[in-house]
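Heavy atoms only: backbone and side chains are in, while hydrogens, waters and symmetry mates are out. For clarity, every value in this text was computed on a predicted model and none was experimentally measured.
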Amino acid sequence: MCADTAAEAGLGVRCIQSNHEGGLIDAVHEARHSTVGAIINAGAYTHTSLALHDALKSYDHPIIEVHLSNPHAREAVRHHSYLSPVAAAVIAGAGGKGYVHAVEILIDQLPTAKARP
Ligand SMILES: O=C1C[C@@](O)(C(=O)O)C[C@@H](O)[C@@H]1O
C-alpha cells in the first residue's frame, strides 16, 4: 500500500529494518543523497537515542515519525521522543495504516508538492 501511494506520486519506497541503533544511524546517513524523505518508526530507540536524533537532524529532507501504538497512552517513559523535534509530522496509534498516511503526508511536504486549495 505504501509503495502504491508513493508510485502515484512517481516515487519509490525503500524499506530498512534493523534491531541495532547503529544500523538505523548508518541507514539514515546512507539515505542522505539517495532519498527525498524518510518515514521512521524507531521503536524504543525513539525514547532513548540522542544519536539517532543527531543523525536525523543532519538529514536534509522531511521526516515523518510513525508509531503503530499511541506512546502517549502508554507508560510515561514513552511520552518523550528524541525524534519528534526533527520530524515534520508524527503519526501515532493508527496501526499499519499510519505508514500509508505517512507517505501521503511526506508527499505533501516535498518541495515539488502543489499547494493545497
Ligand atoms: O517498540 C515500540 C513500538 C512503537 O514505536 C510503536 O510502533 O508503537 C512505540 C514504542 O514506544 C515502542 O517502544
Side-chain angles (χ1 to χ4, degrees):
M1 285 171 74
C2 288
D4 292 342
T5 304
E8 286 170 20
L11 299 171
V13 173
R14 189 195 313 158
C15 297
I16 293 161
Q17 195 280 333
S18 178
N19 294 328
H20 305 281
E21 186 177 17
L24 297 172
I25 291 165
D26 288 347
V28 170
H29 289 311
E30 284 163 15
R32 284 176 73 172
H33 302 298
S34 59
T35 59
V36 295
I39 296 166
I40 182 162
N41 182 343
Y45 291 127
T46 303
H47 317 298
T48 62
S49 184
L50 180 60
L52 188 54
H53 164 99
D54 287 347
L56 289 167
K57 198 171 181 179
S58 72
Y59 177 80
D60 285 332
H61 309 287
I63 296 161
I64 313 296
E65 177 183 350
V66 173
H67 299 285
L68 298 171
S69 67
N70 176 4
H72 294 283
R74 300 177 65 185
E75 311 94 297
V77 71
R78 297 181 202 276
H79 296 178
H80 174 263
S81 166
Y82 278 97
L83 276 55
S84 295
V86 294
V90 181
I91 300 172
K97 276 190 181 174
Y99 290 103
V100 181
H101 294 318
V103 172
E104 293 168 343
I105 292 165
L106 186 56
I107 290 165
D108 284 349
Q109 297 281 330
L110 297 178
T112 50
K114 295 190 184 91
R116 284 180 179 267

Do you reckon [X] sits in the same ILVMFWY cluster as [Y], going by side-chain contacts under 4.5 Å, direct or chained?
X	Y	answer
I63	I39	no
V36	V86	no
I105	L83	no
L68	V13	no
L50	L24	yes

Between [X] and [Y], is any pair of side-chain heavy atoms under 4.5 Å apart?
X	Y	result
L56	Y82	no
L11	L110	yes
K57	P85	no

TODO: Kindly assign one of parallel, tilted or perpendicular to the pair H47 and H67, based on the angle between their ring planes and the thresholds 30° and 60°.
DONE: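 Rings of H47 and H67: parallel, as their planes differ by under 30°.
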State, to 0.1 Å, how close [X] and [Y] come at their nearest heavy-atom pair, and which atoms those are.
X	Y	value
V90	S84	CG2-OG, 3.7 Å
L52	A42	CD2-CB, 3.5 Å
R32	H61	O-NE2, 3.1 Å
Y59	A38	OH-N, 3.5 Å
V28	A55	CG1-O, 3.6 Å
I64	A88	CD1-CB, 4.3 Å

Open item on the list: Side chains of S69 and R78 only: does a donor on one sit below 3.5 Å from an acceptor on the other?
Closed with: no
Rounded to the nearest 0.5 Å, what separation is found between the [atom1] atom of [X] and the [atom2] atom of [Y]?
X	Y	atom1	atom2	answer
C2	H101	SG	NE2	10.5 Å
H80	H72	NE2	NE2	10.0 Å
Y45	I25	OH	CD1	9.0 Å

TODO: Take S81 and E65 through the test side-chain hydrogen bond (donor to acceptor under 3.5 Å, both in side chains) and record every step on the way to the result.
DONE: CA-CA 10 Å; S81 166; E65 177 183 350; 3.0 Å; yes
